Amino acid sequence: MTGEGAVTAVVVRLKLSLLRNGLRQSAGRRAAYIFSVVVVLLIAALQFLGLLALRGNAHAASVTVILLAVMALGWAFMPLFFPSGDETLDPTRLVMLPLRPRPLVRALLVASLVGIGPLFTLSLLVGSVIALARGGAAFVVSLVAVPLSLLVCVALARAVAAANIRLLSSRKGRDLAVLSGLVIAVGAQLVNFGVQQLGSAGLGQLDPAADVLAWVPPASALGAVDSVSEGSYGVALAQLALSVAALVLLLRVWSRTLTRLMTSPDGSTLQAAEPSAKRERASGGLARLLPGGRTGTVMERSLRYAWRDPKTKAAWVTSLAIGLILPVFNALQGTGSVYFACFAAGMLGIQMYNQFGQDTSAFWMVAMTISSTQDAYVELRGRALALLLISLPYATLVVVLTTALLDDWAALPEALGLSLALLGAMLAAGAWSSARYPYSIPQEGYKNVAPGQSGLATIAIFGGMVGAALLCAPVIALTIWLNIDSGGDRWTWLLVPVGAGYGALLILLGLRLSAPRTARRLPEILAAVSKG
């Protein structure tokens, strides 16, 4: 065996050893792995049968090309959200070994073909070429297209992972996995929307997109099989050449990234501290836009938590995304209502709940600065203003966008007024709930409630949401009355200032009522949020 071949064999054995030793750690881990393998194989089998059923269908090429393009997208981005899924993704563990990039790339590429993901992708590719290929020449081309597509997918995943390995191996990078649920939720909504569109219009809707993706690697390799089946040999050669060029480019990028990773110093060998002038400029940029005094300081702290703390950021991104997806997707499907836009205000208003628990154990530093009801009031006011800085324009934007998609401009004042009133009610109820029912959020892992506090969290969130809905009752009643009254249409514009004013009044009252309770129960709040 040559030197490069020996390196490949060693890395493949290393991959198998890591897998075997990981399964030996516990029976639960073995059961979870076996269950995941069974589920993936079952889905792969059903997918394979579905692709076989497409053989002879006029739109088989469109379906298979788009499926492979989506699969390649998954290969590119899944390592960013599940970096611990394959321990050989981190080439820096081999930095002390006398290995050159070229044999290391070959070894890691072959090792990457071992696993559930490559098997699932291979099943899709084999089913696709059976659905597409017509004639001996097409099946001969498929013998090249299948391994070529699989190698492009694997090389794409490795190149992206290597380029981001410094992030993935850090604590913040691992916390990106918290956002994976959001990605799955958004993807599920997109798939659901696409399936509904196909159900109403047929597979022909895929043809325009497939015509473009047939020239994008690795889907272009499947496009070559279809082109040969149609007798377009020159087109097929060009499509195969694109996939080959993509594979060569990805391998070169991967090799250069490995060289840089294994020869350049990292944060452990470089001074991490920035010049003081840079730090002052960075911290002063946001502060200059905020009010002075404690209010501005609290707002800046809250905004920085939302940007830097992984769990807080995940909660914000989830609320922003879902608050937009629900009304917009329903509007696009023609089944929505302009009132669905209020969902954005509701999702963002939830961020006001358990304000002190979001600080985790660091809340003790905030508690030391609260010595009176006025201090507690200013603290809560700063947090509410920071939330309003983002939620107010965003909720307004969602209402306007939903109204435009539904072309129901007459209902815009009603929806906007209700949305503003709901946002104010949620912030008022959230401030009171934060003082009355605080609970701890664990800093590590995926749990958002410390053990033993689930009931408290349920009361805080759902009880507060019911209270917010009751607080909105006057604006809801006014909206209904204006719609029932035959001459009420000309007065619906009043719902915007009424909703805004009523929401502001609710926030003011909520803060005033919550501040004394916060100052009085400060030791209890500190004990509750520090349990995790």
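Predicted, not measured: the structure shown is a model, and the values here were computed from it. All residue numbers refer to positions in the sequence shown, counting from 1.
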Just wondering, are more than 12 heavy atoms of other shown residues or ligands nearer than 6.0 Å to CH2 in Trp409?
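Counting neighbours around CH2 of Trp409, more than 12 heavy atoms of other residues, nucleotides or ligands fall under 6.0 Å, so yes.
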Between Arg55 and Ala133, is there a donor-acceptor pair closer than 3.5 Å when you use the side chain of the first and the backbone of the second?
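The answer is yes, because a donor-acceptor pair under 3.5 Å joins these two groups.
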Could you tell me which residues satisfy side-chain contact (heavy atoms from CB on, under 4.5 Å) with Leu326, sequence neighbours excluded, listed by chain and number?
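With neighbours one apart ignored, the set is Asn330, Phe343.
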Heavy-atom closest contact (Ala246 atom, Pro217 atom, distance)
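The answer is CB-CB, 3.5 Å.
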In Å and rounded to the nearest 0.5 Å, what is the CG to CG distance from Leu242 to Leu249?
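Rounded to the nearest 0.5 Å, the CG-CG separation comes to 11.5 Å.
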So which atom in Gly223 and which in Val65 form the shortest heavy-atom distance, rounded to 0.1 Å?
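Shortest heavy-atom separation between Gly223 and Val65 comes out as N-CG2, 4.3 Å.
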Run the side-chain hydrogen bond (donor to acceptor under 3.5 Å, both in side chains) test against Ser220 and tell me which residues pass, sequence neighbours left out.
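Partners of Ser220 by the side-chain hydrogen bond (donor to acceptor under 3.5 Å, both in side chains) criterion, ordered by chain and then number, come out as Ser243.
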Under the side-chain hydrogen bond (donor to acceptor under 3.5 Å, both in side chains) test, residues paired with Thr403 that sit two or more places apart
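Scan of Thr403 (side-chain hydrogen bond (donor to acceptor under 3.5 Å, both in side chains), adjacent residues dropped) gives none.
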Under the rule for side-chain hydrogen bond (donor to acceptor under 3.5 Å, both in side chains), what residues qualify as partners of Gln239, not counting sequence neighbours?
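side-chain hydrogen bond (donor to acceptor under 3.5 Å, both in side chains) check on Gln239 returns Ser227.
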Under the rule for side-chain contact (heavy atoms from CB on, under 4.5 Å), what residues qualify as partners of Leu41, not counting sequence neighbours?
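Here the qualifying residues are Val37, Leu119.
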Within residues 109-137 or reaching into it, pairs that qualify as salt bridge (charged side-chain N to carboxylate O under 4.0 Å, His left out) - sequence neighbours excluded:
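Counting only pairs at least two positions apart or across chains, the salt bridge (charged side-chain N to carboxylate O under 4.0 Å, His left out) contacts touching residues 109-137 are Arg134-Glu230.
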Closest approach of Val398 to Gly323 (non-hydrogen atoms, all atoms of both residues)
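The pair with the smallest heavy-atom distance is CG1-O, 3.8 Å.
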Quick one: side chains of residues 387-397, donor-acceptor pairs under 3.5 Å with protein atoms, not counting sequence neighbours, listed by atom name and distance.
| residue | atom | partner | partner atom | Å |
| --- | --- | --- | --- | --- |
| Ser391 | OG | Leu387 | O | 2.7 |
| Tyr394 | OH | Leu320 | O | 2.4 |
| Thr396 | OG1 | Leu392 | O | 2.9 |

Considering non-hydrogen atoms only, spot the tightest contact between Ala60 and Leu132 and give its length.
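It is C-CD2, 3.9 Å.
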Whether the side chain of Lys313 engages the backbone of Ala306 through a donor-acceptor N/O pair (distance < 3.5 Å, no angle test) should be reported.
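No; judged by distance alone, with no hydrogens or angles, the pair does not exist.
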Could you tell me which non-hydrogen atom of Ala69 sits nearest to which non-hydrogen atom of Leu213, and how far apart they are?
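Closest heavy-atom pair between Ala69 and Leu213: CB-CD1, 3.8 Å.
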What residues, two or more places apart in sequence or in another chain, satisfy side-chain contact (heavy atoms from CB on, under 4.5 Å) together with Tyr339?
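Ser337, Glu414, Leu418, Thr479, Asn483.
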The criterion is side-chain contact (heavy atoms from CB on, under 4.5 Å); which residues satisfy it with Val70, sequence neighbours excluded?
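For Val70, the residues satisfying side-chain contact (heavy atoms from CB on, under 4.5 Å) (neighbours in sequence not counted) are Ile66.
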